[in-house]
Asks: 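Provided herewith is a single structure, encoded as structure tokens, for subsequent inquiry.
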Amino acid sequence: MSDLRELPKAYDASSVEDAIYAAWEASGAFNPDQLPDRNQKGEPYCIMMPPPNRTGTLHMGHAQRMTTQDLMIRFERMRGKKTLWIPGTDHAAIATQVKVEQLLIKEGYKDPRKDLGREAFLERVVDFADKSRNTIVAQARKMGSSCDWTRERYTFDAERNLAVNTIFEMMFEDGLIERGFRVVNWDPQFQTTLSDDEVESKDVTARLLTFKYDKNFPIAISSTRPETKFGDTAVAVHPDDKRYSKLIGQTFEPEFCGKKLSIKIIADEAVDPAFGTGALGVTPAHSMIDAEIASRHGLPTVQVIDQQARMMADCGPEFEGLTTVEARAKIEQFLSDNDLLVSAEEVQQALPVAQRGGAIVEQLPSKQWFVRVNKPFKLRQKTLGNKYKKGDEVTLKELMLVAVESNQIKLIPERFDKIYFHWINNLRDWCISRQIWFGHQIPVWYKDDEAKCSVESPGEGWERDPDTLDTWFSSGSWTFSALGWPDKKEWKAHRDYHPTAVLETGRDILFFWVARMILMSTYAIGEIPFKNVYLSGLVMDEQGRKMSKSLGNVLDPLELIPKYGTDAVRLSLLLGMTPGQDGKLSETKIEAFRNFTNKLWNISRFILLQLEDEKQKASKTRTLADDWILSRLADVNASITDKLEKFQFSAAGEELRDFTWSDLADWYLEIAKVEGGKADILKSLLNGILRMWHPFMPFVTEHVWKVMGAEGHLMVAEWPEYVNDSMGRAVEFEKLRLFVTDIRRLRAEQGVEAAKKISFGFVADEEMEGLVGDNLEWIKRLTNTSAIEVMNDMPDNWVVATSGASTIGFDKAEGVDMEAEREKMEKELEQLEAYIKSTEAKLSNAEFSSKAPEQVVRNMSDKLEEAKEKVKVIKSRL
RNA sequence: GGACGUUUAGCUCAGUUGGUUAGAGCGUUCGAUUCACAUUCGAAAGGUCGCAGGUUCGAAUCCUGCAACGUCCACCA
């Protein structure tokens with residue numbers, strides 16, 4: 001042990017953290033294969049780190065991810081499980097490419113992809129992604145993440161590419177992946193398709209025009225996007241709408257803004273007769289809803305907007321090449337000039353925009369690859385317990401549903417079940433091909449009209465599909481591909497870790513990722529990917545707003561860690577945060593936890609100094625305070641163990657903090673100074689709190705562990721478990737605690753000068769007399785008074801203190817404000833009498849006494865008796 | 001439009017199957033202070049648990065309705 005007297009008074013996190021992390025890593029304890037024997041025998045426990053996107057640096061959300069997962073991993077590691085936490089990063093396809101493209105534009109490139117070409121452009125992306133990976137890894141280490149770096153994965157490395165291709169091939173064979181010409185979400189800025197989930201909506205005001213195609217057309221229709229009307233092939237009305245029933249089935253050939261259309265009047269239930277004119281212009285090429293109507297009625301698809309979001313040649317020379325916005329204005333003018341416009345009104349509209357880049361998304365027809373979620377296929381293996389056998393016909397949607405419905409996967413908090421089911425029930429086929437360069441290339445080859453699924457070229461003359469896969473297609477297999485699947489040897493070596501124990505992630509990617517992982521895992525290996533999904537809320541700023549660069553309210557973990565220490569940042573992300581509920585974070589909060597870190601440091605320092613003190617080394621029998629603190633330790637230990645098992649991290653941390661700060665530091669350590677002879681107990685208390693705090697604040701606890709000269713790393717020490725053998729004594733102690741608080745209050749209220757002249761005492765039963773007598777020494781110290789007299793028959797000239805649960809008296813010393821005390825006594829008397837009245841009424845109620853639990857009745861009766869006793873004393877003194 | 005969430009002390013939030021007189025932290029006010037820690041300690045003030053009904057011996061907790069705020073989904077073309 002180093003010289004304790006030289007330990008700094010304030011804990012300096014930044015001077016010890018890096019060395020501690022390096023020592024942990026060097027010890028091999030991040031790697032399950034190098035854990036101690038007891039872990040080797042333990043149950044495998046695995047968490048997959050949600051791989052951060054290689055798009056730059058980590059933010060507070062990531063810091064929260066890492067901290068929460070590290071808490072679980074460290075807790076289970078200490079409990080003896082064979083823990084594996086696999087770290088990794090995500091190539092994030094579109095997100096990364098977009099990011100690099102933006103950087104290149106800043107560098108001066110006008111159109112980076114065109115200017116550089118595929119190969120050089122990709123080189124830049126890969127370079128950026130690699131640098132980003134290094135930053136992320138360094139940050140993860142700073143957070144204290146105890147993940148196994150020897151098993152770091154990348155969603156775009158060779159092994160994961162093999163997994164992606166394997167799944168693609170399986171789905172291709174099963175007919176679940178299909179190429180089709182369908183209406184898709186198209187991002188004109190990045191020239192690629194997007195999945196439904198990558199499209200967000202933005203509220204804008206738009207002009208809703210009501211008009212006729214031409215003078216002879218019988219029905220007026222409404223649209224905010226008249227430019228798409230060049231592609232109309234039908235007008236749909238509700239089948240019950242009498243206004244139009246005669247027209248149904250007829251075909252018209254109006255001339256719309258110079259283009260001849262062929263419009264069939266059809267009846268469809270999807271039309272709302274109350275909206276607008278009750279007639280809907282059907283544009284099969286540029287609306288997914290219309291495309292569905294069109295397929296029901298066998299209507300042709302006419303594309304009029306191209307991939308640059310410009311009007312196509314088909315719309316006539318006046319419109320060709322115009323942007324949609326330009327065309328829209330021109331059409332309104334034309335309609336108005338030709339007296340075809342019935343009305344124009346401003347309406348609120350949700351404009352579809354790309355999640356990345358923010359471009360306005362066009363719906364247009366395109367030949368793309370889709371995963372068919374509603375198509376039945378024959379299962380390759382038994383899936384989801386006994387629910388489905390090999391060979392059963394199911395759909396992917398059913399697999400996703402049953403995994404959660406059957407409770408094999410538990411979502412935390414539970415209410416997300418509903419959101420999940422709702423999403424699945426409305427799920428459409430998943431468009432997986434992207435015209436992005438950075439990503440897993442689609443393993444399909446074409447020759448003439450033939451298509452073959454294969455990773456290697458099938459031979460001469462075959463050309464590979466240039467498209468890449470949606471990033472979520474690859475991250476969907478993360479839980480098992482990161483464990484080595486489909487490589488037989490690797491997968492066998494890691495088989496026991498799957499399904500993983502828990503997936504901890506932000507509640508915002510439930511659909512993007514969690515659902516896709518369930519799809520991939522149940523399909524490809526016939527197993528749920530994880531048993532629990534812990535959905536964290538988002539980390540918001542002080543005012544509950546999202547942290548964003550433009551608002552300037554971003555808290556950067558890397559700036560905060562040197563300032564407050566990693567442990568403080570970790571605590572601020574764990575305590576006061578509820579799953580599924582967005583939490584607020586401020587620097588003030590982190591500062592408060594820095595103070596706690598320092599408190600823990602000083603508690604440790606004090607105990608260590610005491611251990612060498614002759615007074616504490618002296619042997620002494622157990623006192624009431626000893627029994628109490630050990631009983632509390634056991635209770636708190638049992639309680640927080642239970643809470644951690646139930647994913648109640650915040651509650652666990654708060655309880656442990658209250659115990660450490662209030663019970664241990666403010667009460668027990670103060671008592672220990674007086675009583676002495678506590679070397680053994682102090683030692684085991686320190687040992688206990690260090691172990692229990694370790695998963696929350698690994699650095700300071702490990703540092704103290706080292707300072708105290710303990711064996712090995714705290715990181716792999718055993719999670720404690722105590723037997724509470726002194727519960728009754730703890731109850732007695734609580735009475736004294738109230739007694740002390742009352743005296744403190746009197747001192748505070750009467751002022752020091754007056755208090756110096758006061759003699760305190762108490763009036764109660766013999767039990768209290770004994771208790772106070774036995775513990776007088778420390779009571780005097782904690783109340784900072786020497787004038788406490790033990791007596792159960794209070795002198796006549798004394799008055800009664802009026803708050804708290806104990807009844808204490810004091811003498812009418814000079815300087816005591818008797819008028820104020822008298823008022824207080826009267827006020828309390830009033831309250832007590834009201835309480836007695838209502839409680840008596842309750843207790844005498846026959847139904848209450850027959851139905852209420854015994855414990856409740858007993859407690860209430862006891863309280864009632866105490867109150868009556870107090871009333872008696874107060875009355876005698878008034 | 002649909003779904004979900006939130007509403008408890010000035011602020012941030014706990015409150016685990018309904019059960020003693022509803023809690024904590026921060027902030028405020030008053031006080032302490034060489035003795036581990038001023039990144040400390042003690043004390044006080046502060047709440048008709050969003051509103052209105054209902055169920056119950058008993059409701060912050062369960063049910064119904066309403067309001068405000070927030071989030072997600074679908075969008076009416």
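Throughout, protein chains are lettered first and strands after them, A, B, ... in sequence-line order, and every chain is numbered starting at 1.
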Asks: Within the 4.0 Å heavy-atom criterion, would you say A:K673 contacts the bases, only the backbone, or no part of the nucleic acid?
Replies: base
Asks: Can you list the steps and then say if A:S639 with A:E655 is a side-chain hydrogen bond (donor to acceptor under 3.5 Å, both in side chains)?
Replies: CA-CA 8 Å; A:S639 168; A:E655 183 170 357; 2.6 Å; yes
Asks: Using a heavy-atom cut-off of 4.0 Å across all strands, would you classify A:T741 as base, sugar-phosphate, or nothing?
Replies: sugar-phosphate
Asks: So, is A:K584 near the phosphate of B:rC13, with a side-chain N or O under 4.0 Å from OP1 or OP2?
Replies: yes
Asks: Below 4.0 angstrom, N of the basic side chain to O of the carboxylate: do A:E346 and A:R207 qualify?
Replies: yes
Asks: So A:R657, base contact, sugar-phosphate only, or nothing? Heavy-atom distance under 4.0 Å.
Replies: sugar-phosphate
Asks: Using a heavy-atom cut-off of 4.0 Å across all strands, would you classify A:W661 as base, sugar-phosphate, or nothing?
Replies: sugar-phosphate
Asks: Strictly by Watson-Crick or wobble contacts shorter than 3.5 Å, is anything paired with B:rG47, and which nucleotide is it?
Replies: none
Asks: State whether a side-chain donor-acceptor pair under 3.5 Å links A:D232 with A:Y213.
Replies: yes
Asks: Tell me whether the NZ or CZ atom of A:R744 lies within the 45° cone about the ring axis of A:W667 and under 6.0 Å from its centre.
Replies: yes
Asks: Check every strand shown and say whether A:T597 touches a base, only sugar-phosphate, or nothing at a heavy-atom separation below 4.0 Å.
Replies: nothing
Asks: Under 4.0 Å between any heavy atoms, over every strand shown, what does A:L280 touch: base, sugar-phosphate, or nothing? Just pick one.
Replies: base
Asks: Please state whether the phosphate of B:rA32, meaning OP1 or OP2, lies under 4.0 angstrom from any side-chain nitrogen or oxygen of A:N784.
Replies: no
Asks: Please determine, for the side chain of A:K9, which listed nucleotide (B:rC37, B:rG42, B:rU21) has the closest atom?
Replies: B:rC37
Asks: Is any N or O donor-acceptor pair between the side chain of A:K599 and the base of B:rC37 shorter than 3.5 Å?
Replies: yes
Asks: Which listed nucleotide (B:rU20, B:rU21, B:rU39) is nearest to the side chain of A:K842?
Replies: B:rU21
Asks: Taking any heavy-atom pair under 4.0 Å as a contact, classify A:D272: base, sugar-phosphate, or nothing.
Replies: base
Asks: Using a 4.0 Å heavy-atom cut-off, does A:T224 contact any base of the nucleic acid, only the sugar-phosphate backbone, or nothing at all?
Replies: sugar-phosphate
Asks: Touch check for A:D666, heavy atoms < 4.0 angstrom, all strands: base, sugar-phosphate only, or nothing?
Replies: sugar-phosphate
Asks: Does B:rA22 pair with anything, Watson-Crick or G-U wobble, both distances under 3.5 Å, and if so, with which nucleotide?
Replies: none
Asks: A:F275 has a side chain; which of B:rC37, B:rA77, B:rA43 sits nearest to it?
Replies: B:rA77
Asks: Using atom P of each nucleotide, how far apart are B:rG47 and B:rC11 to the nearest Å?
Replies: 13 Å
Asks: Any non-hydrogen side-chain atom of A:K673 less than 4.5 Å from a side-chain atom of A:W778?
Replies: no
Asks: Would you mind telling me which of B:rA77, B:rU39, B:rG5 lies closest to the side-chain atoms of A:K229?
Replies: B:rA77
Asks: What nucleic acid atoms does A:E670 come within less than 4.0 Å of, heavy atoms only: base, sugar-phosphate, or nothing?
Replies: base
Asks: Regarding A:A852, tell me which of base, sugar-phosphate or nothing describes its non-hydrogen contacts under 4.0 Å with the strands shown.
Replies: base
Asks: With a 4.5 Å cut-off on side-chain heavy atoms, are A:L585 and A:D541 touching?
Replies: no
Asks: Contact class for A:E654 (heavy atom, under 4.0 Å): base, sugar-phosphate, or nothing?
Replies: nothing
Asks: Under 4.0 Å between any heavy atoms, over every strand shown, what does A:R594 touch: base, sugar-phosphate, or nothing? Just pick one.
Replies: base
Asks: Is B:rU39 paired to anything, Watson-Crick or G-U wobble with both distances less than 3.5 Å, and if yes, which nucleotide?
Replies: none
Asks: Regarding A:H238 and A:D268, do their side chains bring together a donor and an acceptor under 3.5 Å, going by distance alone?
Replies: no
Asks: Does the protein touch nucleotides 70-75 of chain B at the base, only the backbone, or not at all? Give it as B, S and - per nucleotide, heavy atoms under 4.0 Å.
Replies: -SSS-B
Asks: For A:K851 and B:rC57, is the shortest distance between a side-chain N/O and OP1 or OP2 below 4.0 Å?
Replies: yes
Asks: More than 12 heavy atoms of other residues, nucleotides or ligands under 6.0 Å from CD of A:E292: yes or no?
Replies: yes
Asks: Can you tell me, in whole Å, how much space there is between the C1' of B:rG46 and that of B:rA22?
Replies: 14 Å
Asks: Expressed in whole Å, how much space separates the P atoms belonging to B:rA60 and B:rG53?
Replies: 15 Å
Asks: Under 4.0 Å between any heavy atoms, over every strand shown, what does A:A665 touch: base, sugar-phosphate, or nothing? Just pick one.
Replies: base
Asks: Could you please name the option among B:rA43, B:rA14, B:rU21 that lies closest to any side-chain atom of A:T578?
Replies: B:rA14
Asks: Quick one: are A:K410 and A:V533 in side-chain contact, heavy atoms under 4.5 Å?
Replies: no
